[in-house]
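First the structure, in the form of structure tokens, and then the observations on it.
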Amino acid sequence: MTTTPPPWPGDPLPERELELAAADRAVDALCRTRPEGGLLVYSGAAGIGKTSVLARVRARAAERCTVRTTRADPGTTAIPFHTARALFAPDLADTDGLAALLGPHRALAGPALGLTTPGDEPADPQGVQDALVALTARAARRHRARPLVLVLDDAHWADGESLGWLAALGPRLARLPLLLVVAHRPTEHAAEESRPHLDALGTAARLRVTLRALSPEAAAGLTRRALGTGADDALGRALWDATGGSPYELAELLARLREHPLDPGADQATAVRELAATVRGHRLADRLGGLGPDAARLAWAAAVLGAGIPLRLAASLAGLSPGRQATATGELRAARVLNPGDTVDFTHPLVAGAVYDAVPRSLRTTFHGRAAWLLTAEGHSPAAAARHLLEVHPDQDPALVEQLRRAAREHLAVGAPDAARRCLERALREPPEHHLRAHVHHELGCAALLTSPADTVRHLRTALELPGLDDTLRADATFRLAQALAHNQQMREASLSVAFAAATTEPGPERLRLQAAHFMYDAFRATEDDGPGRSRRLAQLADPLAGETNAERALLTLRAFDGMLRGENHTVVAEFCERALTDGHPAPGLGWTDTVWGFEYPCLAGITYAWIDELDRAEELFGEAVRAYEISGWSGGHLAFAHMLTGAVLRRRGRLAEAETRLRESLRLADRIGTGLPVHWDAVCLLVDTLLARGRTADAQRLAEARGFGPPYPDAMILPDAPSVHGRLLLALGRTDEAVAALEAASAVAERGRHNPVWAPWRRDLAGALATRDPERARALTRRLRVDAERFGTPTALGMALGCEAALAPAGAAPALHARAVAHLEESPARDELARARVALGLATGDRDQLHRGLLLARTCGADALAEQARSALA
């Protein structure tokens, strides 16, 4: 893209030496034997000289590097990934190397970059962003011989999707052979959704410079250079006073003075002020009046269409013949409004902005409407034309509504839900025909699902209140409404929404889907009015089912999960899981990426397996989840949840160091999409539990404090039982009174009929805390723990219960109980519990072999404190 050259070509830019020197150092670092990438950010007001600085940086870098450059434009802000496409245009045009450049992310990056047709399903925005980051890394490595420099001017006008990609790329640049140079106005000039991305770029930058106005001395020097040595300092001072040291306005005034020198007898200061008024604001556009109506209309049409659009289309929009276009174009170039070329390219963004503002309001709206249809007729996609439709006045136009809906679907398919939301919100203002309003609200709610649960709830509720949705769409809208409410920690509301819909839906597949969702969201609630009653109703409905349909499989999955939480015999629970799956895998339509039923059902099956000691089955399911999400590009909350679940399996196996690594990765992924989400609570709870198992109490405390882990808890069940984990943390910190209170509160799970002693091991920890202060109560707790463990029947539960009983038993009875605990745990996949049992047996009997075996196993598990305890005993 061409840009306006500085008014003093070939000469050093005045008072920009330090800024350019920093760029030179960054290029030097990039060109070393071991390249070091980086990010430079130049910011400043309009006309302060950002473009001139970037032109010099670009010219110097081009001597040794491959430079890709573009300048954002107000007309491109609403076009997703426009800036990304412009920066990589030369690489994307290289058909021979395109496949290698896209790599395994073709299905995600291809549609975003305009290389392949978008699919029918929405793309995950985080996955698309990650695909573009990976593509950038591959592009950087392809250009090692001449390292890659990306230069973006006027980034405040870049589309939010491209800015999100660059912001994600920023922290990685130091490890890539890539230099990114960005210039933008102060962030208040950017769209609200883009400001955090610009701030993130500034934070990641190795250099962030705010360009300042030129000094009077610099203005005087430039005046003499442009007008000759005869220009005195008084004229330079007058020019500086009139422009405030703005390089753009100073350059424009000097160009005018070269063409039309001041009258020697005129008052220089007054003449300069009058001349300066013509190069800023609305007076700048007044220059078009002297060029004739054709030039004015062509300039107006060009400003509406935006940079990069062929001038012939601007002439068509302005209603000019080829001959009149040529004349008007020449006049605009002579007046320094347009740069040479076949596409729209204003000499400066200030010129483009002033011309656009000068378009009469009614004509501007007409031009935008005609521009949309003109681009569509030229073969551009609905999304490309949509930015113009956003500017058209509402007029109850059904065709416009349909075009905006098509554009929204295209935006969603390339991973741009914010752009889809803008189109659908504009469609509602048209407004749509009465029978379509519910459909548009439904589409708008689905578009906002990943970015704004509150907006999703509002629009889906409106869709359900309006007529027009058939039973299938009403069920879908209700299901997604419940998902959004649950995502927003409103579990009770989620349950009520599907319960009401199920009660008012005719018997059939949609009703079963809603009934299953009702049971699920009730089960997910942290508190419940009648948990045992719900379990009985679920059992009555699910127990006779064979699992022949997805509705039956969903209900059987919920039955298995509920049975696991209730502590029913693990073989019965496993049988329900078998009926819910097809050959051990989710049935078609109930998979990890299927959106009709949601990912919750295979997730619940895997969690159930994990807590009934069927860890191989759980690991297989969660491994499928990670692969499915990575292949599909779902790298947002779904992938974070899959890593969390995999971490849960590792924790259950006792592979504590690996579990910690996987859980921290889950938190990193979850942090990219927001805070306070269910996956945050689950990952933090599991990570605190894992750190305590490792004996790293201080780390667990820091994590809990930093993440706000503790009461009050959200109205959503946390994996595993959060009050039990929090009570154990307090015990480890020596805050016994607080721990007892927390573990007493954890006993609420028993009131819901949930007696799984492994999921919620509060009785074991509370018994230990009460051993000396209330031994009778402690013994009662261990007896009930033993009953629950024998009913549940897993080796892990039995071993944990016997170990707890042994710790409180008289010295003579303890060794036998410890030995029985070891025997059960030898059949358990929980290797850290076996290590704990062996050390306890060794300490109780003085058996050095048990201590040594416990030490080795604790080291393997990463249970550092337990290993130290065993080592000390052996010493």
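Sequence positions, counted from 1, serve as the residue numbers for this chain.
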Please check if the side chain of [X] supplies one atom and the backbone of [Y] the other of a donor-acceptor pair under 3.5 Å.
X      : Y      : answer
Arg437 : Ala463 : no
Thr376 : Ala372 : yes
Asp159 : Thr83  : yes

Legend entry - Residue pair Val53 / Leu13, side-chain heavy-atom distance below 4.5 Å: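 Answer yes - side chains close enough.
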
Inset, instruction - Could you pull out all residues at least two apart from Arg60 that satisfy side chain to side chain contact (heavy atoms under 4.5 Å, CB included)? - result: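 Arg60 satisfies side chain to side chain contact (heavy atoms under 4.5 Å, CB included) with Leu20, Asp24 once adjacent residues are dropped.
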
Inset, instruction - Not counting sequence neighbours, which residues clear side chain to side chain contact (heavy atoms under 4.5 Å, CB included) with Thr187? List them please. - result: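 So Thr187 forms a side chain to side chain contact (heavy atoms under 4.5 Å, CB included) with His184, Arg195, Leu198, Asp199.
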
Which heavy atom in [X] sits nearest to a heavy atom in [Y], and how many Å separate them?
X      : Y      : result
Leu152 : Ala158 : CD2-CB, 4.5 Å
Ala213 : Glu15  : O-OE1, 4.2 Å
His197 : Gly160 : CD2-O, 3.6 Å
Pro432 : Ala427 : CD-O, 3.3 Å
Glu430 : Pro394 : OE1-CA, 3.3 Å

Legend entry - Value rounded to 0.5 Å, distance of CG in Leu444 from CZ in Arg458: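 These two atoms lie 7.5 Å from each other.
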
Inset, instruction - With rounding to the nearest 0.5 Å, note down the distance linking OG1 in Thr210 to OH in Tyr42. - result: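 The OH atom of Tyr42 is 12.0 Å from OG1 of Thr210, to the nearest 0.5 Å.
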
Legend entry - Within 45° cone and under 6.0 Å: Arg364 NZ/CZ vs Tyr356 ring: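 The answer is yes, since Arg364 meets both limits relative to Tyr356.
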
Donor-acceptor pairs under 3.5 angstrom involving side-chain atoms of residues 296-313: please list them, not counting sequence neighbours.
| residue | atom | partner | partner atom | Å |
| --- | --- | --- | --- | --- |
| Arg297 | NE | Ala318 | O | 3.1 |
| Arg312 | NH1 | Glu378 | OE2 | 3.4 |
| Arg312 | NH2 | Glu378 | OE1 | 3.1 |

Inset, instruction - Test side-chain hydrogen bond (donor to acceptor under 3.5 Å, both in side chains) on His143 and Asp91 and set out the steps. - result: CA-CA 10 Å; His143 292 286; Asp91 295 278; 2.9 Å; yes

Legend entry - Check ion pair Arg406-Glu410 (N to O, under 4.0 angstrom):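 Salt bridge absent between Arg406 and Glu410.
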
Inset, instruction - Could you tell me whether Glu63 and Arg58 have a side-chain N and a carboxylate O separated by less than 4.0 Å? - result: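 Salt bridge absent between Glu63 and Arg58.
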
